[in-house]
Amino acid sequence: MNRLGNIFDRSFLTFLIVGVVNTLFGTAVMLVLYNVFGCSYWVSSFCDYLLGSILSYFLNKRFTFHYRGTDWGSIARFALNIVVCYLLAYSLALPLTEHALQSMHLSKPVVENVAMLVGTALFMVINYAGQKFFAFRHRS
């Protein structure tokens, strides 16, 4: 099987399904915190990933990657992966969105809402690879 086939195997489809559930949950948390409770961009997106990551760990461990280990190593690798993906995705999303929308003269809350959605998409793409090849890798 070619290299691309190894990356996008059956686990990718399961990851997407789990991701939809997890993303709906986390995005709802994030947008409610930002728009209803007035929390900042960073606090809102952080809470999304803190709570969403707990759900994601258990769903992906069990259903996506069929990882049966109960070691602290998988938890540490998963947490490190989430932190790196979060910082990368959201640090890129805000300036990219601000730059892309600057000519539209939108309000800061509108731009930050769009940036949070862009960050969610970026996160999902890089997170899959991190979970598959780092957090839940199977030992040979």
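Numbers here are sequence positions counted from 1.
Aromatic rings from F46 and Y41 are positioned such that their centres are separated by 6.0 Å or more. The aromatic ring centroids of Y128 and F12 lie less than 6.0 Å from each other. Ring-centre distance between Y49 and Y90: below the 6.0 Å cut-off.
Cluster annotation: F78 is connected to V83 through the hydrophobic network of ILVMFWY side chains, with a link wherever side-chain heavy atoms come within less than 4.5 Å. Following chains of ILVMFWY side-chain contacts shorter than 4.5 Å, one can reach W72 starting from I82, so the two form part of one hydrophobic cluster. By the rule that hydrophobic residues join a cluster once side-chain heavy atoms approach within less than 4.5 Å of another member, F123 and W42 end up as members of one cluster. Side-chain heavy atoms closer than 4.5 Å link hydrophobic residues (I, L, V, M, F, W, Y) into clusters, and following such links, possibly through other members, connects F58 to F15. A continuous path of ILVMFWY side-chain contacts below 4.5 Å connects I75 to L50, so both sit in one hydrophobic cluster.
A heavy-atom distance below 4.5 Å is not found between the side chains of L122 and L88. Looking only at side-chain heavy atoms (C-beta outward), M124 and C85 stay at 4.5 Å or farther from each other. For the pair T14/F65, no side-chain contact is recorded, criterion being any heavy-atom separation below 4.5 Å from C-beta on. At a threshold of 4.5 Å between non-hydrogen side-chain atoms, the residues Y86 and S53 do not count as touching. Between Y57 and F136 the shortest side-chain heavy-atom distance falls below 4.5 Å.
Clustering of Ile, Leu, Val, Met, Phe, Trp and Tyr by side-chain heavy atoms under 4.5 Å joins V84 with L80, F134.
Rounding to the nearest 0.5 Å places CG of L117 at 11.5 Å from OG of S45. Atom CD1 of residue I54 and atom CG of residue N22 lie 10.5 Å apart, to the nearest 0.5 angstrom. A distance of 6.5 Å separates NE2 in H66 from CZ in R10, rounded to the nearest 0.5 Å.
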Self-check item: Residues V118, L96; criterion side-chain contact (heavy atoms from CB on, under 4.5 Å); working and verdict
Solution: CA-CA 9 Å; V118 170; L96 289 173; 5.7 Å; no
Exercise. Before giving the answer on side-chain contact (heavy atoms from CB on, under 4.5 Å), spell out for S107 and V110 the whole-Å C-alpha distance, their side-chain angles and the decisive distance to 0.1 Å.
Key: CA-CA 5 Å; S107 68; V110 170; 3.3 Å; yes
Under 3.5 Å, which donor-acceptor pairs link side chains of residues 29-39 to any protein atom two or more places apart or in another chain?
residue : atom : partner : partner atom : Å
Y34     : OH   : E112    : OE1          : 2.8
N35     : OD1  : N113    : ND2          : 3.4
N35     : ND2  : L31     : O            : 3.1
N35     : ND2  : N113    : OD1          : 3.2

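Here the closest non-hydrogen pair linking T64 and N60 is OG1-OD1, 2.6 Å. Taking every heavy atom of both residues into account, S44 and M116 meet most closely at CB-SD, 4.4 Å.
Using a distance-only test at 3.5 Å, with no hydrogens or angles considered, a donor-acceptor pair links the side chain of T97 to the main chain of A93.
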